[in-house]
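A short worksheet on the structure shown next.
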Amino acid sequence: MAVDGQLVARTVGELRATLPQAGDLLVGLGRVVEATRTVVGVDGTGLTLAHEDGRPRWVAVSDAAMELLEQVQHDFGEGPCLAAFAEDRVVAVEDLQSERVWDRLAAVVGQLQVRGVLSVPVRLAEQPVGTLDVYVTQPRVWSPTEVEALGALAVVTAELVSTGVEL
């Protein structure tokens with residue numbers, strides 16, 4: 001799917017404009033999740049951030065399917081979002097149902113039609129602190145513009161987290 005570059009730039013600008021007023025970090029992260037869903041044109045979006053134990057856990061999701069995807073990965077200790085975090089790289093899955101690496105995950109979330117998954121690291125001080133994740137209900141080859149758009153939104157997410165920590 002083609003991503004509208006102007007929409008990405010406008011949305012990133014709008015999200016950045018709210019950073020200084022972001023008194024409630026979770027509200028701001030929820031805005032990023034919803035904006036990501038619209039901008040990238042996906043069925044669901046989620047955000048994980050590392051907790052005190054260093055493991056990422058979901059902090060904001062757009063829907064129940066994404067919540068299940070995030071939770072099952074945490075429970076199983078594997079999945080594309082955890083791989084993106086642990087390996088500090090983009091993980092793009094065209095079809096989770098045919099991806100043999102995560103059979104257990106696919107078996108659980110397949111009933112909700114979670115098929116394509118894209119995860120990008122959220123970085124602070126050049127270190128991954130979480131991931132911004134999206135899914136679609138049909139297999140999808142992720143385009144470079146989709147990866148770039150999600151990356152730009154991950155940068156805004158990091159800025160929001162940094163601002164929240166400073167406050």
So how far is it from Gln113 CD to Gln138 CD, rounded to the nearest 0.5 Å?
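Separation between the atoms: 7.0 Å.
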
CZ/Arg55 to CG/Leu49 distance, rounded to the nearest 0.5 angstrom?
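Between Arg55 CZ and Leu49 CG, I get 15.0 Å after rounding to 0.5 Å.
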
Show the numbers, then the answer: is there a side-chain contact (heavy atoms from CB on, under 4.5 Å) between Gln97 and Val114?
CA-CA 8 Å; Gln97 297 301 313; Val114 173; over 6 Å; no

Of all the heavy-atom pairs spanning [X] and [Y], show the shortest one and how long it is.
X      : Y      : result
Ala65  : Tyr135 : CB-OH, 3.3 Å
Ala83  : Trp102 : CB-CZ2, 4.2 Å
Ala92  : Leu118 : CB-CD1, 3.8 Å
Leu82  : Pro56  : CD2-CG, 3.4 Å
Asp43  : Ser62  : O-OG, 4.5 Å
Pro121 : Ala154 : O-CB, 3.6 Å

When clusters are formed by joining ILVMFWY residues with side-chain heavy atoms under 4.5 Å apart, either directly or through shared neighbours, do [X] and [Y] land in the same one?
X      : Y      : value
Val32  : Leu26  : yes
Leu160 : Leu124 : yes
Val147 : Leu132 : yes
Val93  : Phe76  : yes

4.5 Å side-chain heavy-atom contact, [X] and [Y]:
X      : Y      : result
Arg140 : Glu146 : yes
Val120 : Thr131 : no
Val39  : Leu150 : no
Trp58  : Gln71  : yes
Leu96  : Leu105 : yes
Leu47  : Val61  : no
Gln73  : Glu78  : no
Asp133 : Pro80  : no

Step-by-step side-chain contact (heavy atoms from CB on, under 4.5 Å) determination, Val42 to Thr45
CA-CA 7 Å; Val42 293; Thr45 309; 3.8 Å; yes

Taking it one step at a time, do Leu29 and Val161 satisfy side-chain contact (heavy atoms from CB on, under 4.5 Å)?
CA-CA 8 Å; Leu29 296 174; Val161 170; 4.1 Å; yes

Taking only Lys NZ, Arg NE, NH1 and NH2, and the carboxylate oxygens of Asp or Glu, determine whether [X] and [Y] approach each other closer than 4.0 Å.
X     : Y      : value
Asp63 : Arg37  : yes
Glu70 : Arg57  : no
Asp88 : Arg123 : yes

Using the side chain to side chain contact (heavy atoms under 4.5 Å, CB included) definition, which of the options Val134, Val117, Val90 pairs with Trp142?
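Testing each of Val134, Val117, Val90 against Trp142, the sole residue satisfying side chain to side chain contact (heavy atoms under 4.5 Å, CB included) is Val134.
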
Please confirm whether the backbone N or O of Leu153 pairs with a side-chain atom of Thr157, one donor and one acceptor, at under 3.5 Å?
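Yes, Thr157 side chain to Leu153 backbone: donor-acceptor pair under 3.5 Å.
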
